[in-house]
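Predicted model, so just to flag it, every value in this text is computed and none were measured. Computation of the quantities below employed the complete heavy-atom set of this structure, encompassing side-chain atoms and omitting hydrogens, waters and symmetry-equivalent molecules.
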Amino acid sequence: MDALRVCLYVFAGVTLGTWLLSVLTREYSWVDRIWSLVPIAYLGIFAGAAGFADVRLDVMFALVALWGVRLTFNFARKGGYARGGEDYRWAVLRERMAPWQFQVFNFFFISLYQNAILLLITLPAYTALEHQGAFGAADVVVAVIFAAFLAGETVADQQQWEFHQEKHAGRASTRFLQTGLFRYSRHPNFFFEQAQWWAIAAFGVVAGGPQWTVLGAVLLTLLFVGSTKFTESITLSRYPEYADYQRRTSAVVPWRPKREPVHG
C-alpha cells in the first residue's frame with residue numbers, strides 16, 4: 001500500500017474520531033489535542049516508505065517531530081489535555097449560533113477542514129518521496145530556517161506562559177502581553193507556527209520544483225488569518241485599550257512598532 005493511501009486512511013480515522021468524541025463529550029477541541037501529533041505520523045509514514053534511507057525525508061521527519069514535541073509540551077502545560085480544556089473561542093461561537101448551526105460547523109470546519117489541513121501541510125513530504133535525491137545546500141538552508149522559526153516560537157510561547165503566570169498571581173502590570181517578541185508582533189507565535197510549515201513546503205519545492213503541495217501552507221495561513229481576527233475581536237471586547245496596541249504593533253509579522261503620537 002502506498003504511503004499517500006495510508007495517510008488518507010489515517011486522515012479518515014482521526015477525522016471521524018475527533019468528530020465522534022466532540023459529539024459524545026460536548027467538548028470541541030479534540031482536533032487541537034491531536035494537532036501536534038498527527039503530522040508526525042504522516043511524516044513518519046512518508047519517511048518510512050523510503051525505508052528511512054532518504055536524508056531529506058529523514059530531516060523533515062526529525063524537524064516535524066521536534067515541532068510536535070515542543071507544541072505538545074506547551075499545549076499540555078496550559079491544560080489542553082485536561083477535561084474541560086476546550087478552546088475558549090468555541091464557547092463564544094456557540095453563543096452566536098443556533099445549536100444545529102454549530103454542529104454543522106463542528107463537523108465541516110472543526111473536524112473535517114482542520115484535519116484536512118493537517119494532512120495537506122505534510123504533503124511536501126510526498127513530493128520529496130516522489131523526487132528522492134541528494135540532500136544539498138538548499139536543503140541545509142531550509143532546515144536552518146525551520147530551526148530558527150522553531151526557536152522563535154519556543155521563545156514566544158515561553159514569554160506568553162510567564163506573563164500569564166504573573167497575571168494569574170496578580171503581579172502583571174498590564175492586562176495583556178506587550179513586551180519581548182510581543183512588542184514587535186501581536187501574535188509572534190502564530191507567525192513562527194505558519195513559517196515552519198512554509199519551510200516544510202520549501203523542502204518540497206527543493207525536491208521537485210514548484211508543487212501543488214504548497215497548498216497546505218496556503219490554507220494554514222488562511223486559517224490563521226480568520227482565527228486571528230476572531231481572537232482579536234474577543235480580546236478587544238474585553239480590553240478596550242487593546243485598540244492602542246493594535247495601532248502600534250504589527251498583527252503577525254514581527255516589525256518595528258510605531259511610535260506613539262506626541263501630544264501637547
Side-chain angles (χ1 to χ4, degrees), residues 2-7 10 35-74 116-159 180-181 184-185 187-225 250 252-256:
D2 67 88
L4 182 58
R5 184 177 298 180
V6 174
C7 288
V10 174
W35 188 277
S36 60
L37 305 174
V38 173
I40 300 175
Y42 292 142
L43 263 294
I45 290 168
F46 289 123
F52 294 102
D54 182 83
V55 177
R56 180 182 294 116
L57 278 167
D58 291 345
V59 169
M60 293 173 72
F61 177 46
L63 291 174
V64 169
L66 289 173
W67 163 87
V69 168
R70 191 214 65 81
L71 190 58
T72 299
F73 165 75
N74 192 59
I117 287 178
L118 289 178
L119 173 61
L120 289 169
I121 59 177
T122 66
L123 289 188
Y126 176 62
T127 298
L129 178 62
E130 294 291 294
H131 300 83
Q132 296 181 48
F135 190 81
D139 294 290
V140 173
V141 170
V142 174
V144 170
I145 290 173
F146 183 102
F149 291 150
L150 177 64
E153 188 173 20
T154 302
V155 171
D157 280 343
Q158 183 62 28
Q159 289 177 348
L181 291 175
Y184 305 97
S185 167
H187 304 280
N189 41 0
F190 289 4
F191 169 76
F192 290 119
E193 174 71 13
Q194 296 169 70
Q196 286 169 86
W197 288 105
W198 277 103
I200 292 296
F203 274 118
V205 174
V206 170
Q211 295 288 326
W212 67 269
T213 51
V214 302
L215 177 63
V218 173
L219 291 177
L220 180 68
T221 297
L222 293 177
L223 177 68
F224 267 97
V225 169
S250 171
V252 177
V253 179
W255 199 255
R256 185 174 61 183

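To the nearest 0.5 Å, the span separating SG on C7 from CG on L120 amounts to 11.0 Å. Taken to the nearest 0.5 Å, the OH atom of Y42 stands 11.5 Å off from the CG atom of L37. From T213, atom OG1 reaches atom CD1 of I121 across 12.5 Å, with rounding to the nearest 0.5 Å. The line from OH of Y126 to CG of L43 is 15.0 Å long, rounded to the nearest 0.5 Å. Annotation: the span from Q196 atom CD to L63 atom CG amounts to 9.0 Å, rounded to 0.5 Å. The CG atom of L220 sits 8.5 Å away from atom CG of L118, with the distance rounded to the nearest 0.5 Å.
No donor-acceptor pair closer than 3.5 Å links the side chain of S250 to the backbone N or O of S185.
Of the candidates L223, L215, T122, L223 is the only one forming a side-chain contact (heavy atoms from CB on, under 4.5 Å) with I117. For the side-chain contact (heavy atoms from CB on, under 4.5 Å) criterion with N189, the lone passing option out of D157, T154, N74 is D157. In summary, of the residues considered (D139, L57, T127), a side-chain contact (heavy atoms from CB on, under 4.5 Å) with F203 occurs for D139 alone.
Between L129 and A49 the shortest heavy-atom distance is CD2-CB, 3.9 Å. In terms of heavy atoms, P124 sits closest to M60 at C-CE, 3.9 Å. In terms of heavy-atom proximity, H131 sits nearest to A207 at CB-O, 3.5 Å. Heavy-atom minimum distance, I40 versus G68: CD1-CA, 3.8 Å. Of all heavy-atom pairs between F46 and A125, the closest is CD1-CB, 3.7 Å. For the residue pair G204 and Q211, the shortest heavy atom distance occurs at O-CG, 4.0 Å.
The closest side-chain heavy-atom distance from W35 to T72 is not below 4.5 Å. Between H187 and F224 the shortest side-chain heavy-atom distance does not fall below 4.5 Å. Contact check for V205 versus V214: side-chain heavy atoms found under the 4.5 Å cut-off.
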Go through the steps to decide whether V218 and W198 satisfy the test side-chain contact (heavy atoms from CB on, under 4.5 Å), and finish with yes or no. CA-CA 8 Å; V218 173; W198 277 103; 3.6 Å; yes
Residue pair F192, L181: steps toward the side-chain contact (heavy atoms from CB on, under 4.5 Å) verdict: CA-CA 11 Å; F192 290 119; L181 291 175; 4.2 Å; yes
Test log, rule side-chain contact (heavy atoms from CB on, under 4.5 Å), inputs V140 and F135: CA-CA 8 Å; V140 173; F135 190 81; 3.6 Å; yes
Please report the C-alpha distance between F146 and L66 in whole Å, then the side-chain angles of each, then the deciding distance to 0.1 Å, and finally whether the side-chain contact (heavy atoms from CB on, under 4.5 Å) criterion is met. CA-CA 11 Å; F146 183 102; L66 289 173; 5.7 Å; no
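Ring planes of F191 and F149: perpendicular class, angle over 60° (limits at 30 and 60°). Between W197 and W67, the two ring planes are perpendicular [angle over 60°; tilted spans 30° to 60°].
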